[in-house]
There are 2 protein chains.
Amino acid sequence: MFQSYTIKDIAKALGLSTSTVSRALNGSYEIGSETKKLVLEYAEKVNYRPNPIALSLKEQKSHSIGVVVCEVANSYFSQAINGIESIAYNSGYHVIITQTHESAAREAANVQHLLSRHVDGLLVSLSAETTDITPYQYLHEKGFPIVFFDRIAPEINTHKVIANNYQGAFEATELLIQSGYTRIAHLTSSDNLLISRDRLNGFTAALAKHHIAFIPDYVKHCNRGGMVLEEVEAAIRELFSQPNRPEAIFIAGDKLTTTFIAGIKKLGMKIPDDIAVVGFTNSNVAELFDPPLTVVRQPAFQIGQTATELLIKTIESKRPIYEYKTEQLATELILRNSAPQLRPH
Amino acid sequence: MFQSYTIKDIAKALGLSTSTVSRALNGSYEIGSETKKLVLEYAEKVNYRPNPIALSLKEQKSHSIGVVVCEVANSYFSQAINGIESIAYNSGYHVIITQTHESAAREAANVQHLLSRHVDGLLVSLSAETTDITPYQYLHEKGFPIVFFDRIAPEINTHKVIANNYQGAFEATELLIQSGYTRIAHLTSSDNLLISRDRLNGFTAALAKHHIAFIPDYVKHCNRGGMVLEEVEAAIRELFSQPNRPEAIFIAGDKLTTTFIAGIKKLGMKIPDDIAVVGFTNSNVAELFDPPLTVVRQPAFQIGQTATELLIKTIESKRPIYEYKTEQLATELILRNSAPQLRPH
DNA sequence: TTGAAAGCGCTAACAT
DNA sequence: ATGTTAGCGCTTTCAA
């Protein structure tokens, strides 16, 4: 097929040994400057590229990192992947992306697949369905580098990178309260996820601060994270069939937010007249929505970058690491029209 | 770090030679059934996984394919990548994704990078800036497998997968005409891209069919493909400053469509009152826009799948291939409110 | 039916 | 300063 030059080819062409060529190419000191120059020039001429596979075999490293996310076609994750790729690329790693589609079984299969491909480390954002994290625990204890981002496993003591979900949720809820709303619902995904619990905590804390009673029936969980419209529609119906129906809602998920809006639209209701909305989303087109969406936006790109930096640092560390950190990045509240700052009558 | 069992470990544990173990694992015939069973059971027990790197080195194949696209965080490409991954995964290939951000220099660097990684083949969608396709021509002539999708290089005789851009553009334009519009503009990206030319042709053909004069000033090119708002705003201004300003527009790009709408909004105009819009986009949230967008949607997932199938077939073909095909998949016109079917007043 | 050995591209310890 | 050799994990001739 498509064959490139090897060290052997160069050695033969120049009448040298492979090790001399290798040394010249790697800038070793124990080599004559003329030989070095000769080799370097020839290598340049024939456009020599070291074979990364041979290097991997030698070094026992694949120079690849595995990524586990729920969905690529999701604005948050596509931006995070962008951040991941940017760092990985510059550090000479390539990235293998796998999708769980929010299924725990799929997630386990993906991790297996990545391990069998001998990735050097794992960047993981848990699926909504995942409860059993013992495989990760096991890998981590064996010294295998894992960094969690966004949907992290709190029980595992390794590097983690997240947005400040508590604070983001708090600000979103407080915005609604300060705009005059008191009957505020909360739509979130699986309770398995720490991000869901953090956001719920931010939500309740804001209510408490402003002396608004917390109503458990105002909180709905969609365990498929907005992947299926029906689940969200059912939640909407339950919310609206209550005696004191909510006037505003804080939604704690990217896909969940867009699916909720689609559901509201389908049921013939209007935002913000029927319900004011603040959602967690990283969609680049949220301002084009009807109405333009008030959102909590996460620094997805930076989260991807930071997680990758930490992972590569762990992979390349000479000595075992015992000190792990949890990086928490600030969210941004973007005011638009789905949550009017002055509640209409 | 994290070490898995090798054939050598198994051989030692069982008192066999590595070749015997290898044969057992690969279901060779020249092996005793008891030995085979013994090996298989032990391998199962210790959860043996062949080292793909060693295999790659042996077979001179990396089992990876390189992907060149302009942007991952673009609904069309994220869906196409989904299709690519689904096929690649099932065929034992992994996928390395690179982004050009519409820069020809970046594209060249990415191809170099992928080649140095010894990918077995390339899946390419050209950047808007690319004019020099000789590197691809060269690789192709050397027998290196390349499949183009979406933004193809017509000059190169290899497999190609595209949507029926001519037909999609024709239908979109005809919809506007049949709704009562006659002053129809066209916004498209770089003329370098065949898809731009195809869509322009579909546009003009629809005008011609309905005896509407083609006005060159109604056609605007944005060479950055909607990546920069300013470029699109300039095009909007030029369009609207004409004596007979257009009443409708057909937009031939994903990012271009959303950026155009953002631009219109920023300039304080209304869709469809100031201008009716039909755009090429695969956004999953186009129906949530204000107004819900009438769109031409491409089968991005299938395009990704088909391209990958063709590529893997080419890679795994024993004999050189001389017959190449261009697969053309139908687009879908989705009627919503940005292009009312009865033109107002 | 099984084993020994070579080789894929590269590096590094060990000669010279 | 340069060459020889072994070895990373695996397959595959060649020999037995």
Side-chain angles (χ1 to χ4, degrees), chain A residues 1-40 42-43 46-64 92 115-120 316 318, chain B residues 1-40 42-43 46-64 92 115-120 316 318:
Chain A
M1 274 291 83
F2 186 73
Q3 207 42 12
S4 45
Y5 277 77
T6 69
I7 273 195
K8 216 172 173 178
D9 298 325
I10 300 181
K12 201 183 294 172
L14 264 39
L16 292 166
S17 77
T18 57
S19 41
T20 305
V21 176
S22 169
R23 275 189 279 254
L25 258 15
N26 294 301
S28 165
Y29 287 109
E30 41 181 16
I31 192 165
S33 55
E34 288 149 48
T35 323
K36 188 167 173 177
K37 207 178 129 204
L38 191 70
V39 171
L40 256 28
Y42 187 80
V46 302
N47 192 27
Y48 167 79
R49 302 269 168 237
N51 183 329
I53 298 163
L55 279 172
S56 292
L57 184 62
K58 183 79 195 166
E59 297 175 28
Q60 299 286 61
K61 280 196 50 182
S62 64
H63 288 280
S64 63
L115 290 177
S116 78
R117 284 223 167 272
H118 285 233
V119 293
D120 296 332
E316 296 184 347
K318 301 285 178 225
Chain B
M1 273 290 85
F2 187 72
Q3 207 41 13
S4 46
Y5 276 77
T6 70
I7 272 195
K8 216 170 170 180
D9 298 326
I10 299 180
K12 200 184 294 172
L14 264 38
L16 293 166
S17 75
T18 57
S19 37
T20 304
V21 174
S22 170
R23 276 189 277 255
L25 257 15
N26 293 300
S28 165
Y29 286 108
E30 43 180 16
I31 193 165
S33 55
E34 288 150 47
T35 323
K36 188 168 176 177
K37 204 176 131 204
L38 192 69
V39 171
L40 257 27
Y42 186 79
V46 301
N47 192 29
Y48 167 78
R49 302 267 169 240
N51 183 330
I53 298 164
L55 280 172
S56 293
L57 185 61
K58 184 78 196 162
E59 296 175 28
Q60 298 287 61
K61 281 196 48 179
S62 64
H63 289 280
S64 63
L115 290 177
S116 77
R117 285 226 167 269
H118 284 231
V119 293
D120 296 332
E316 296 184 347
K318 301 285 178 226

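Chain naming here is simple, since letters A, B, ... match the order of the sequence lines and numbering starts at 1 in each. What you are looking at is a predicted structure, and each value in this text was computed from that prediction instead of being measured.
- Put simply, the side chain of B:Thr18 does not reach to within 4.5 Å of the side chain of B:Ser22, judged on heavy atoms.
- By the 4.5 Å heavy-atom criterion applied to side chains, A:Pro50 and A:Leu55 are counted as neighbours.
- Picking from D:dT12, D:dG3, C:dC10 the nucleotide with the shortest atom distance to the side chain of B:Ser22 gives D:dT12.
- In this structure, CZ of A:Arg49 is placed 13 Å from P of C:dC10, rounded to the nearest angstrom.
- Taking the side chain of B:Thr20 as heavy atoms from C-beta on, and the options C:dG3, D:dC8, C:dC10, the nearest nucleotide is C:dG3.
- In this structure the side chain of B:Lys37 never reaches within 4.5 angstrom of the side chain of B:Ser33, judged on heavy atoms.
- Of the candidates D:dG9, C:dT11, D:dG3, D:dG3 carries the atom nearest the A:Arg23 side chain, counting heavy atoms from C-beta on.
- One finds no side-chain N or O of A:Ser17 lying less than 4.0 angstrom from the OP1 or OP2 phosphate oxygen of D:dT4.
- Remark: A:Thr35 is in phosphate contact with D:dT2, judged by side-chain N or O atoms under 4.0 Å from OP1 or OP2.
- Rounded to an integer number of Å, the gap from NZ of B:Lys37 to C1' of C:dT1 is 18 Å.
- Between A:Leu57 atom CG and D:dT11 atom P there is a gap of 12 Å when expressed in whole angstrom units.
- The distance from atom CD1 of A:Ile53 to atom P of D:dT11 is 15 Å, rounded to the nearest whole Å.
- When the P atom of D:dC8 is taken as reference, atom CG of B:Leu55 falls 16 Å away, rounded to whole Å.
- Here the OH-CG distance, from B:Tyr42 to B:Asp9, works out to 7.5 Å after rounding to the nearest 0.5 Å.
- Checking C:dT11, C:dG9, D:dC10 against every side-chain atom of A:Ala54, the shortest atom distance belongs to C:dG9.
- Closest contact between the side chain of B:Lys8 and the listed nucleotides D:dC8, C:dC8, C:dC10 involves D:dC8.
- The side chain of A:Tyr48 lies closest to C:dC10, out of D:dC10, D:dG9, C:dC10.
- Close to D:dC10, at under 4.0 Å from its OP1 or OP2, lies no side-chain N or O of B:Tyr5.
- Contact between the side-chain N/O atoms of B:Asn51 and the OP1/OP2 oxygens of D:dC8 is not found at any separation under 4.0 Å.
- In this structure, the CG atom of B:Asp9 is 10 Å from the P atom of D:dC8, given to the nearest Å.
- In this structure, A:Ile10 places its CD1 atom 11 Å from P of C:dT11, rounding to the nearest Å.
- When each of B:Ile10, B:Leu25, B:Ile31 is checked for a side-chain contact (heavy atoms from CB on, under 4.5 Å) with B:Thr20, only B:Ile31 meets the rule.
- Contact check, B:Ser19 against D:dT12: no side-chain N or O comes under 4.0 Å of OP1 or OP2.
- Dashed line: the shortest gap from a side-chain N or O of A:Gln60 to OP1 or OP2 of D:dG7 is not under 4.0 Å.
- Using a 4.5 Å heavy-atom cutoff, the side chains of B:Val21 and B:Leu14 are not in contact.
- Rounded to an integer number of Å, the gap from OH of A:Tyr29 to P of D:dT2 is 17 Å.
- Closest to the side chain of B:Lys58, out of D:dG9, D:dT2, C:dC10, is D:dG9.
- In this structure, the nucleotide among C:dC10, C:dT2, C:dG9 sitting nearest to the side chain of B:Ile31 is C:dT2.
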